[in-house]
**Student:** 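Encoded as C-alpha cells, here's the structure I'll be asking about.
A, B, ... follow the sequence lines: proteins, then strands. Residue 1 opens every chain.
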2 protein chains.
Amino acid sequence: MTEKDDFHLQDFLPYLLNQASEESSLTFQQVYKNRYGMLRTEWRVLFHLGMYQPITASDIVIRAKIHKTKISRAVQKLVDRRFVRRERRPDDRRQELLSLTPAGETAYRDLREVARQYDAQLMAKFTTGEGALLRMMLRRLAGFEES
Amino acid sequence: MTEKDDFHLQDFLPYLLNQASEESSLTFQQVYKNRYGMLRTEWRVLFHLGMYQPITASDIVIRAKIHKTKISRAVQKLVDRRFVRRERRPDDRRQELLSLTPAGETAYRDLREVARQYDAQLMAKFTTGEGALLRMMLRRLAGFEES
DNA sequence: TGGTAATGGTTGATTTTGTAACTAACAACC
DNA sequence: GGTTGTTAGTTACAAAATCAACCATTACCA
C-alpha cells in the first residue's frame, strides 16, 4: 500500500515563498497601481533608476533578472508618461542611458517612502534578530549572495 | 537637500520575497513543465487534489488564493488530459467534486517526490533550526496562521 | 408561490507576458 | 576594407492572466 505521505504543500518552500510573496506585495501594489497606474515591472524599473541612475536597460535586466522585453516595454511606458528620459550614448550608439525626470524623481521618492513604511510594518511581525535572519536567508535563496 | 537615502531595494521584503520565490521555483518548474506540460496553476490544482480530494473548485480557490477563472481553466485542461475527473453533486448541482484519475495519481506522486527532494535541497542551505524558523516566518507572511 | 439575491462555475474581450525573430551598431579577425 | 559574430534594444505573434459579464442552480423571504 502507498503510505499516507508526510508531504505538505503548505510547507513546500517554492509554494510557501510564492504565497508569502503574493500576500506581502498586495498592499504596495495597490499604491503604485492606484496612485501612478504602474505595473510591477514599472515600479521596479523606476526604483532601479532611483537608486542607480543613470543606467542602461541591460543593467536593469541583469540586476533585476527580468526579461529584456519586459524591461523594454516598461521603459517605453515610463517614457510615455514622462517619468523617465532616455539618451543615446555617443560612444556606443546601441546603448541608451536612462534617468528619471523631475516627475519621475517625485514619484520615486513618494513610493520609496511608502515602501519603507510598508517594509517596517511587515517586519514588525518579527523580532529584530528574526528579521535580519529572514532577509539573509531570502537573499541566499534569491541568489543575491554566493556561499 | 535630499539626503542620500538608506533605502535598499534588495532588502525591501516584497521584492526580496519575489526574487527568492522566482529563483527557487525555477528548477521545479522545469520538471512539471517538461515532464507533464503543466503550468503553475495546474500543478497546484493537481497537488491540492492529491492532498485533499475530493474537493470542489471553490475549495481550491479559497485554499490557494487563486482566482476562480484560473482554476476553472486549469481544471479544464487537467480534465482534458485525463488527470482529473469531475462529478456533479446530486444534492447541489452547482458544485462539482474533483478527484484524480489513476493517471493523475501517478503524476501527483511523481511530482510530489520531486518536490520533496527539491525542498530538501533548498533547505540544505540552512541549519534545521533556521529552516524551521524560515517556514514559520513565511507562513505568517503568507497569512497561513493568525497571530 | 414568486421574486430577488447569492453561489458555483464558465466564457469572451482586453491586457500582459513569453518566445523568436528582427534591426542597428559595434567588435574582431582576415 | 569586408566578412562574421556579438550586443542593445524593439517588434510581431502566440500564450496566458485579468476583468466583467454571463448561465444555471440554490437560498432567502415576503
Side-chain angles (χ1 to χ4, degrees), chain A residues 18-19 21-22 25-26 29-30 32-34 36-46 48-49 52-81 84-99, chain B residues 18-19 21-22 25-26 29-30 32-34 36-46 48-49 52-81 84-99:
Chain A
N18 184 79
Q19 295 292 96
S21 172
E22 290 300 317
S25 67
L26 283 180
Q29 183 177 27
Q30 296 300 346
Y32 64 72
K33 191 177 163 192
N34 295 337
Y36 298 100
M38 287 185 190
L39 264 31
R40 189 183 294 187
T41 307
E42 289 155 27
W43 81 258
R44 289 198 184 179
V45 168
L46 188 84
H48 277 273
L49 290 179
Y52 309 116
Q53 69 176 325
I55 54 177
T56 70
S58 299
D59 293 334
I60 304 181
V61 166
I62 294 167
R63 278 186 190 277
K65 287 186 193 149
I66 299 175
H67 197 271
K68 61 181 183 172
T69 62
K70 265 169 102 173
I71 298 291
S72 175
R73 292 192 253 245
V75 168
Q76 186 58 53
K77 209 152 144 197
L78 289 170
V79 168
D80 291 347
R81 297 188 181 169
V84 169
R85 181 173 40 222
R86 53 196 348 164
E87 192 182 351
R88 212 160 265 288
R89 276 187 115 125
D91 52 315
D92 184 343
R93 296 175 26 71
R94 284 171 304 183
Q95 300 181 47
E96 44 194 20
L97 282 177
L98 305 173
S99 50
Chain B
N18 184 80
Q19 295 291 98
S21 172
E22 291 299 319
S25 68
L26 284 181
Q29 183 177 25
Q30 296 300 347
Y32 63 72
K33 191 176 164 192
N34 295 337
Y36 297 101
M38 288 186 190
L39 298 174
R40 189 183 294 189
T41 308
E42 288 156 27
W43 80 258
R44 289 199 184 178
V45 168
L46 189 84
H48 276 275
L49 289 179
Y52 309 116
Q53 69 176 326
I55 54 177
T56 70
S58 298
D59 293 334
I60 304 181
V61 166
I62 294 168
R63 278 186 190 277
K65 286 187 194 148
I66 300 175
H67 196 271
K68 62 180 183 173
T69 63
K70 266 168 100 173
I71 298 291
S72 174
R73 283 167 172 136
V75 167
Q76 185 58 52
K77 209 153 145 196
L78 290 171
V79 169
D80 291 347
R81 297 187 182 169
V84 169
R85 181 174 38 223
R86 53 195 350 163
E87 192 182 349
R88 211 161 267 288
R89 277 186 114 125
D91 51 315
D92 183 342
R93 298 176 25 72
R94 285 171 303 183
Q95 300 180 46
E96 45 192 20
L97 282 177
L98 305 173
S99 49

**Student:** Has the side chain of B/Arg88 got a donor or acceptor atom that lies under 3.5 Å from a matching backbone atom of B/Arg93?
**Tutor:**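 Yes, the answer is positive, given that a donor and an acceptor are paired below the 3.5 Å cut-off.
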
**Student:** Report, as a single string ordered 5' to 3', how protein heavy atoms within less than 4.0 Å touch nucleotides 8-16 of chain D: B base, S sugar-phosphate only, - not at all.
**Tutor:** SBBBB---S

**Student:** Give a yes or no answer on whether the side chain of A/Arg81 reaches the backbone of A/Gly37 with a donor-acceptor pair at less than 3.5 Å.
**Tutor:** yes

**Student:** Salt bridge check: are A/Lys77 and A/Glu42 linked by an N-O gap of less than 4.0 Å?
**Tutor:** yes

**Student:** As a quick check of understanding, evaluate side-chain hydrogen bond (donor to acceptor under 3.5 Å, both in side chains) for B/Asp59 and B/Thr56, giving each step before the final call.
**Tutor:** CA-CA 5 Å; B/Asp59 293 334; B/Thr56 70; 3.2 Å; yes

**Student:** Can you confirm whether more than 12 heavy atoms, excluding those of A/Lys65, are under 6.0 Å from its NZ atom?
**Tutor:**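 Check passes, neighbour count above 12.
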
**Student:** Going 5' to 3' along DNA chain C, which are the first and last nucleotides with any atom under 4.0 Å from a heavy atom of chain A?
**Tutor:** C/dT16 to C/dC26

**Student:** For A/Glu87, does the CD atom sit with more than 12 other heavy atoms under 6.0 Å from it, leaving out its own atoms?
**Tutor:** no

**Student:** What residues form a side chain to side chain donor-acceptor pair (under 3.5 Å) with A/Ser58, not counting sequence neighbours?
**Tutor:**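 Per chain and number, A/Ser58 pairs via side chain to side chain donor-acceptor pair (under 3.5 Å) with no residue.
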
